[in-house]
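Only one structure is covered here, and it is reproduced in the block below.
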Amino acid sequence: MARHLITSALPYINGIKHLGNLVGSQLPADLYARYLRARGHEVMFICATDEHGTPAELAAAKTGEAVADYCKRMHAVQSELARGFGLSFDHYGRSSSPQNHALTQHFAGKLADNGLIREVEERQVYSIADGRFLPDRYIEGTCPNCGYDKARGDQCENCTKQLDPTDLIDPRSAISGSRDLEVRTTKHLYLRQSALKDEIAAWIDSKSDWPILTTSIARKWLNDGDGLQDRGITRDLDWGVPVKRGTEPWPGMEGKVFYVWFDAPIEYIAATAELADKLGEPDAFWRRWWRLDEGAEDVTYTQFMGKDNVPFHTLSFPATIIGSGEPWKMVDYIKSFNYLTYDGGQFSTSQGRGVFMDHALELLPADYWRWWLLSHAPESGDSEFTWENFQTSVNKDLADVLGNFVSRVTKFARSKFGETVPEGGDWGGRERALVADLAERLRAYEGFLDHREVRKAAAELRGIWVLGNEYLQAAAPWATFKTDPHAAAMQTRLGLNLIRLYAILSQPFVPFTSEAMLEAMQTGDRDWPADIGAALTILPPGHAFTVPEVLFAKITDEQRAEWEERFKGVRS
RNA sequence: GGGCCUGUAGCUCAACGGUCAGAGCAGGGCGCUCAUAACGCCUUGGUUGCAGGUUCGAAUCCUGCCGGGCCUACCA
């Protein structure tokens with residue numbers, strides 16, 4: 001039994017996430033967590049909402065709520081959706097928690113003590129009408145290069161030229177449209193990442209087994225131009241973690257907060273502390289996961305994230321931890337994903353293009369989405385969601401291969417032997433061959449999951465399901481029943497036991513269906529099989545079972561057409 | 001502009017220097033009838049984007065070109 005710490009990138013608080021967000025971090029992380037728990041390991045699976053930053057403030061302003069209220073409400077919404085998708089977090093925290101405030105301030109204090117913080121005077125655009133400093137991208141104007149009149153302060157989307165907000169002709173606030181802007185001087189803290197460059201580079205170089213996507217992005221940032229740049233870790237905002245040096249005030253930094261990307265990863269740790277507090281446990285409860293000097297030496301830590309998150313997890317957060325000089329647990333493996341695209345284009349939260357978590361659950365049970373998304377996870381490149389592919393895959397894999405297997409076994413058993421596991425007959429060569437085939441495929445399945453190979457694991461699981469259908473076809477209990485009822489009883493008994501086995505093996509992918517299968521088999525024995533032969537005799541002769549409802553109804557052409565139409569436009 | 005990833009059967013992908021380039025779906029044929037017209041078996045189908053090069057041997061390594069995607073540090 002090993003100890004596994006697993007974190008999913010934090011979904012931003014600003015609205016309901018789409019399927020692309022889900023498959024890029026939370027869902028594969030959940031798959032891995034469920035698998036490791038099923039194997040008997042001790043797992044701490046952490047996620048949280050990322051609540052700070054300008055977009056949260058603006059989203060709250062739009063609904064007329066105080067930002068704290070907005071975040072509280074949206075956290076509840078996201079939390080409910082996570083439950084709906086079966087995401088088995090041990091804790092779903094909030095980056096705005098008191099625990100995260102304290103820990104973020106602690107890290108900043110340590111970094112300052114170690115000489116890794118410097119103060120920088122900056123000139124930034126202030127909007128008088130909005131009463132706030134504007135991040136570069138929230139300033140709009142005419143591009144001096146191409147004349148495009150909706151260029152943003154960081155870059156012109158039309159000609160892709162990188163810009164400085166002061167380059168813009170006729171600049172205005174993207175929030176209010178106000179032209180009443182001025183450049184003001186403001187002071188900010190910078191994390192001296194450049195001083196830690198060599199240490200971080202050596203650390204990255206030691207991770208030879210990480211996905212290329214992860215290491216290539218890290219190396220790019222480490223080596224590009226002048227190398228790893230120092231990074232501002234404070235902002236002139238109201239909503240966030242107030243800048244403090246540990247528990248002490250930070251002279252000159254009054255009224256400022258830490259940058260959202262500084263406090264967000266720290267929330268992984270703080271969320272674990274939130275859990276301890278919720279359970280009434282002492283600090284040791286969470287520190288044994290995070291402090292090498294307090295019990296975390298034997299922890300394996302895996303992070304899951306979309307590729308846009310990689311720089312922060314390979315560079316900024318490690319810089320924070322290394323720079324603290326304290327023995328915090330660093331990540332052992334970073335699993336990163338490309339993007340899921342929607343019908344040829346991008347999923348878009350702002351444009352409402354694509355399928356979002358709430359709508360997805362209105363249409364179909366979570367397992368349909370979990371299966372499709374995980375079996376098509378964008379591991380090697382971007383992958384595309386189309387309704388046609390979704391319909392075909394789900395109908396074939398879930399309804400025909402798995403669902404129908406359960407259906408044919410239980411209905412046959414009930415009609416010939418009643419609703420108890422039939423007795424009589426002994427295994428022969430065919431059954432032993434099946435066990436051998438299952439054992440071989442199970443080894444492969446476990447290997448893929450151990451290495452977080454999501455798509456391959458899904459393909460292997462499907463192969464395991466197929467073995468059941470192949471066996472039935474070859475054994476043909478409906479035929480043997482006429483000539484040798486004992487043999488038919490044995491074959492049927494094996495089929496029923498296969499259902500229990502499949503429920504256990506499929507649980508990481510389709511947990512709700514897995515539960516329904518176990519319930520139908522009326523068993524609570526969900527031990528991961530150490531020995532397939534033994535696992536297929538757990539349900540003994542005479543054990544009662546029930547015939548479950550159809551596990552997966554097929555998606556009809558009419559449904560597909562309707563959904564295709566409904567989700568191609570703007571979110572309603 | 002720079003960098004990274006990617007281009008393999010109609011579709012989605014595997015194979016990451018070495019037996020005839022594999023699998024699922026789709027297409028064709030046969031079988032079965034327990035089952036959600038489901039399942040099983042067999043089968044059609046590829047000059048591995050293009051052009052060179054390295055090697056006994058290349059989808060795989062190198063160079064160039066063409067196409068797709070992403071990143072480029074004050075959105076997160």
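Because the structure is a prediction, the values reported are computed rather than measured. Labels below follow one simple rule: chain letters A, B, ... track the order of the sequence lines, proteins then strands, and each chain is numbered from 1.
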Candidates [options] - the one meeting side chain to side chain donor-acceptor pair (under 3.5 Å) with [X]:
X	options	result
A:Arg94	A:Gln78, A:Glu267, A:Glu51	A:Glu51
A:Thr186	A:Lys256, A:Glu121, A:Arg123	A:Lys256
A:Gln391	A:Lys554, A:Glu564, A:Arg560	A:Arg560
A:Asp397	A:Trp371, A:Trp465, A:Trp372	A:Trp371

When all nucleic acid strands are considered with a 4.0 Å heavy-atom cut-off, which category describes [X]: base, sugar-phosphate, or nothing?
X	value
A:Gly232	nothing
A:Gln229	base
A:Glu122	base
A:Ser393	nothing
A:Gln124	base
A:Arg455	sugar-phosphate
A:Phe552	base
A:Lys416	nothing
A:Gly15	nothing
A:Val466	sugar-phosphate
A:Val550	base
A:Pro477	nothing
A:Lys220	base
A:Ser380	sugar-phosphate

Would one find a side-chain N or O of [X] under 4.0 angstrom from OP1 or OP2 of [N]?
X	N	result
A:Lys411	B:U36	yes
A:Arg137	B:C75	yes
A:Lys456	B:A15	yes
A:Tyr259	B:A76	yes
A:Tyr339	B:C71	yes
A:Lys554	B:A38	yes

Take atom [atom1] of [X] and atom [atom2] of [N], then tell me their distance rounded to the nearest Å.
X	N	atom1	atom2	result
A:Asp382	B:G7	CG	P	12 Å
A:Gln391	B:C11	CD	C1'	14 Å
A:Leu402	B:A38	CG	C1'	13 Å

Check this for me: does any side-chain nitrogen of one of A:Lys307 and A:Asp382 sit under 4.0 Å from a carboxylate oxygen of the other?
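A:Asp382 and A:Lys307: salt-bridged.
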Closest listed nucleotide, where the reference is the side chain of [X] and the choices are [options]:
X	options	result
A:Ser407	B:A76, B:C39, B:A35	B:A35
A:Arg235	B:C74, B:C13, B:G2	B:C74
A:Pro55	B:C75, B:C70, B:A38	B:C75
A:Asn389	B:C74, B:A76, B:U12	B:U12
A:Lys307	B:C71, B:C39, B:C70	B:C70

Minimum heavy-atom distance A:Tyr70-A:Ala60, with the two atoms named:
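Looks like CB-CB, 3.6 Å.
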Got a donor-acceptor pair under 3.5 Å from the side chain of A:Asn404 to the base of B:A35?
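Yes, a donor-acceptor pair under 3.5 Å.
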[N] and [M]: how far apart are their [atom1] atoms, nearest whole angstrom?
N	M	atom1	value
B:A21	B:G31	C1'	30 Å
B:U8	B:U48	C1'	4 Å
B:G49	B:A59	C1'	12 Å
B:G1	B:C65	P	12 Å
B:G57	B:C39	P	46 Å
B:G28	B:A9	C1'	15 Å
B:U6	B:C16	C1'	14 Å
B:G29	B:U19	P	35 Å

Tell me whether the centres of the aromatic rings in A:His18 and A:Phe385 are closer together than 6.0 Å.
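Centroid distance A:His18-A:Phe385: not below 6.0 Å, so no.
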Can you confirm whether or not the ring centre of A:Phe405 sits under 6.0 Å from the ring centre of A:Tyr471?
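No, too far apart.
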Quick one: look up who [N] pairs with, Watson-Crick or G-U, both distances under 3.5 Å, and put none if it's unpaired.
N	answer
B:C74	none
B:C61	B:G53
B:A38	none
B:G27	B:U43

With the side chain counted from C-beta on, respond yes when A:Met253 and A:Lys187 share a heavy-atom pair under 4.5 Å apart, and no when they do not.
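With C-beta onward as the side chain, the pair touches.
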Hey, what's the ring geometry for A:His313 with A:Phe317, parallel, tilted or perpendicular (30° and 60° as the breaks)?
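Correct class here is perpendicular.
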Could you check whether the rings of A:Phe304 and A:Phe337 sit parallel, tilted or perpendicular, using 30° and 60° as the cut-offs?
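Parallel.
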Does A:Pro135 or A:Glu470 map to a spot on RNA chain B nearer the 5' end, using the closest nucleotide for each?
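Per heavy-atom nearest nucleotide, the more 5' residue is A:Glu470.
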If you assign each of A:Asn469 and A:Trp221 to its closest nucleotide in RNA chain B, which residue comes earlier from the 5' end?
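Mapping each residue to its closest nucleotide by heavy atoms, the 5'-most match is A:Asn469.
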How would nucleotides 23-33 of chain B be written as a contact map, 5' to 3', with B for base contact, S for sugar-phosphate-only contact and - for no contact, using protein heavy atoms under 4.0 Å?
-SS-----BSS
